[in-house]
Amino acid sequence: MRFPYDTSYRDGLRLLRYRSDWLSYGVLLAILLIAPHVLPKFFVGEVTYLFILCLASLGLMVLTGYTGQVSLGHAAFMAIGAYAHAWLLGQGVPWVASAMGAALLSALTGLLIGLPAIRVSGLYLAMVTLAFSIVVEQIAGRWKSVTGGHNGMPVPDLVVFGLSLGGLQAFYYLCLTMLVVVLIGLLNLLRSRTGRAFIGVRDSEAAAHALGIHVAGTKVLAFVVSAAITGLAGALMAHHVQFLSPEAFSMLLSLELVLMVVIGGLGSVRGAVLGALLIGMLPTFISRIKPLLPDHIAKQMGLEIFMFGLVLAIFVLFEPRGLNGRWLKLRTFFETFPLYRRDTFRRGKTYMKSERYR
Amino acid sequence: MDPALVQFLQLVINGVAIGSIYALVALGLVLTYKATEVLNFAHGDVLMASAFVGWALIAAAGWPFWLAIPAVLVFAALLGWGLDRQVLRRIAGQPQFAGVMLTIAVAFMIRGAVSMIFGPDSRRFETPFSGRTQLGPLVINDLNLVIFGVALVVTLALFWFLGRTRLGRAIQAASQNQLAAYLNGIRVKALSSLVWAVSGIVAAICGLLLAPVALVDIGLWVVVLKALAALVLGGFGSVPGAIVGGVLIGIIEQLAGVYLPDGSKDVAAYLVLIGVLVIWPRGLLGEAHGRRV
């Protein structure tokens, strides 16, 4: 067990506090940098896809995990980002400006949806976002002149600053860079005044208000930041799938994103990444174990969605703090071995508390 | 009569019929929401599973229609009861969000299980109601009459059960304040399981009514989203509101399909949901007290 000995206020706020942190994250980054040269092509594509999912999951984590606003419709922001990006590229806009534009448009939509967030919260907000994503999916299917409707829309090739990055490896590095930049930016945002306001609003709106936090503004800001990040993920996703169709951004994707943040553990950046990894790898894993299953089960479509449900149910019932919580427990177990006490993480006894008469 | 008026009336009649199903689905949602404060996203999947079981009994196993119906209802009741007893009771006292996630998980599992057992094809089964009645220039399908009649009977039966019987009043007490109800000797846990079973039965009735209109298909669960719009329009948590909202959503959808641009029929319900929540969160018959959550 390490006991932090801080000599200045800055020490308490550092992202990487110990030399071992620097070492472990440095090794991780090195592995990720070498990986595309070592891994087979198929896996390079898969890992790139996981990076994009991590990005989207981080976007939702800001909103749901840190600000406590549940959104069941984040695929809509991905769709807006992806379509805007593809359309702008088609108009001859350079890549960087186009990606920025996609994120900006997504953020503006987030603002539009975030404004009602002042009036509704909790369950109601979840329903508004759910309905919003269905409407966006329908619009993408009907607005044929821009989105190509259900016939789909081809995405132009990836050219950044005159460099063609169409190859798998180049795209891998692009996504990795984006992920690292967003991750560091987000970590800095979340330890800043704004990020602490997010957490304050999540934990108690009344207390946050009393402390001088502009609750409504904070909520809308969280929506905008979240939508921008998710829109950026959508823009990258457009290059990954190379052919956009509305079905790719259906409600299932929204729910998968929510699954990621819940399974990862609400209120932790590490959780968002871990959750995205688990949910992103699950379909591949299932297709791998399918040959081992009896024929009549393996041939059916429903296995994947059944497994999604099962994993989510197991986490909600047995590990509400998600993968991040499990990781913290494991780490504490080894750090304090053999003195680990289960009760360290025991939740207080809860009674049924009505949320109706607040 | 003026043909435009005839078309309008015909649309309203169709809307009321489909709206009665929405109202019943919404009613099933309100029941569990009031009793356990869990918004049951798996409701639509219980409905869908019941429709498939109905198909399996009637079309595949060849049971007579009137024997298959009670069997389906028993199946749905057991499913609802089991869900509360084995799954949802474990998260009592956790934030509302946990309930939403858990019911979504259950919905995924039911959907996956049904599609693993029955496969992805749509199917249909025969009902004894295929005739139609001519009322002046208007045509009313017998099926629509049956839907409306069943919805009316179920609603009245539920009102009688909740308002007039001892058990129903106990349910109301438990939904107002669980602790106080418990201290008065009401078996709150058993009651909430009972409510889930009743909600399952209502879902199964909706599934059986919807099966001849739409096909028996995995996508049948989407009706739960329409029901959410109905709930919001009628005022969340209000039983009469659920019914009024459901019928209104049905009518709005039918009218939007004809009078508004192509494609608005599919999104009308959701636009209503967004609009009502943003502009007028209380809804038509919502409870007046306190801040809405």
Enquirer: Of all of B:A105, B:A98, B:A229, B:A113, which one pairs up most often with chain A through heavy atoms under 4.5 Å apart?
Expert: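 It is B:A105.
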Enquirer: With chain B as the partner, which of A:L266, A:V311, A:L255 has the greatest number of non-hydrogen pairs under 4.5 Å?
Expert: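 Maximum pair count with chain B is reached by A:L255.
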Enquirer: Please look at B:L39 and chain A and tell me whether the side chain, the backbone, both or neither of the residue comes under 4.5 angstrom of a heavy atom of that chain.
Expert: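 Only the side chain of B:L39 comes within 4.5 Å of chain A.
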Enquirer: Answer with side chain, backbone, both or neither: which region of A:F132 has an atom nearer than 4.5 Å to a non-hydrogen atom of chain B?
Expert: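 Contact with chain B is through both the backbone and side chain of A:F132.
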Enquirer: Which bit of A:I139 is near chain B, if near means a heavy-atom gap under 4.5 Å: side chain, backbone, both or neither?
Expert: neither
Enquirer: Do B:Y270 and B:L225 touch side chain to side chain, with heavy atoms closer than 4.5 Å?
Expert: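 In short, these two side chains touch, coming nearer than 4.5 Å.
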Enquirer: Relative to chain A, which segment of B:Y182 carries a heavy atom at a distance below 4.5 Å: side chain, backbone, both, or neither?
Expert: neither
Enquirer: Indicate whether any N or O donor in one side chain lies under 3.5 Å from an N or O acceptor in the other, for B:H43 and B:T32.
Expert: no
Enquirer: Given a strict heavy-atom distance threshold of 4.5 Å, which part of A:V262 is in contact with chain B: side chain, backbone, both, or neither?
Expert: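 For A:V262, the side chain is the part near chain B, not the backbone.
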Enquirer: Can you say whether A:I314 sits under 4.5 Å from chain B via the side chain, the backbone, both, or neither, judging by heavy atoms?
Expert: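 When you check distances to chain B, no heavy atom of A:I314 falls under 4.5 Å.
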Enquirer: Okay, side chain of A:R202, backbone of A:G65: is any donor-acceptor separation there less than 3.5 Å?
Expert: yes
Enquirer: Assess whether side chain to side chain contact (heavy atoms under 4.5 Å, CB included) is satisfied between A:L323 and A:I263, documenting all intermediate values.
Expert: CA-CA 6 Å; A:L323 286 168; A:I263 287 174; 4.1 Å; yes
Enquirer: Are any of the side-chain heavy atoms of A:S254 and A:F249 separated by less than 4.5 Å?
Expert: no
Enquirer: Would a 4.5 Å heavy-atom cut-off, applied to side chains only, mark A:K329 and A:E319 as touching?
Expert: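 In short, these two side chains touch, coming nearer than 4.5 Å.
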Enquirer: Answer with side chain, backbone, both or neither: which region of A:M307 has an atom nearer than 4.5 Å to a non-hydrogen atom of chain B?
Expert: neither
Enquirer: Run the side chain to side chain contact (heavy atoms under 4.5 Å, CB included) test on B:V239 and B:L27 for me, step by step, so that the C-alpha distance in whole Å, both residues' side-chain angles and the decisive distance to 0.1 Å come before the verdict.
Expert: CA-CA 6 Å; B:V239 177; B:L27 201 60; 3.4 Å; yes
Enquirer: Given a strict heavy-atom distance threshold of 4.5 Å, which part of B:V232 is in contact with chain A: side chain, backbone, both, or neither?
Expert: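 Contact with chain A: side chain only.
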Enquirer: B:W196 and side chain to side chain contact (heavy atoms under 4.5 Å, CB included): which partner among B:V38, B:L31, B:V87?
Expert: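 When side chain to side chain contact (heavy atoms under 4.5 Å, CB included) is applied between B:W196 and each of B:V38, B:L31, B:V87, only B:V38 qualifies.
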Enquirer: Counting heavy-atom pairs closer than 4.5 Å to chain A, which one of B:V278, B:I104, B:V267, B:I279 comes out on top?
Expert: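 Most heavy-atom pairs under 4.5 Å with chain A: B:V278.
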Enquirer: With a 4.5 angstrom heavy-atom cut-off, could you sort out which part of A:L252 is near chain B: side chain, backbone, both or neither?
Expert: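 Answer is side chain: those atoms of A:L252 sit under 4.5 Å from chain B.
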Enquirer: Please state whether the side chain, the backbone, both or neither of A:L72 comes within less than 4.5 Å of a heavy atom of chain B.
Expert: side chain
Enquirer: Please classify the contact between B:L179 and chain A as side chain, backbone, both or neither, with a heavy-atom cut-off of under 4.5 Å.
Expert: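 Interface part for B:L179: neither.
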Enquirer: Tell me, side chain or backbone of A:V70 under 4.5 Å from chain B's heavy atoms, or both, or neither?
Expert: side chain
Enquirer: Are A:H209 and A:H214 close enough that some pair of their side-chain heavy atoms sits under 4.5 Å apart?
Expert: no
Enquirer: Quick one: are A:L123 and B:Y33 in side-chain contact, heavy atoms under 4.5 Å?
Expert: yes
Enquirer: Would you mind checking which part of A:T64 comes under 4.5 Å of any heavy atom in chain B, side chain (CB onward), backbone (N, CA, C, O), both or neither?
Expert: side chain
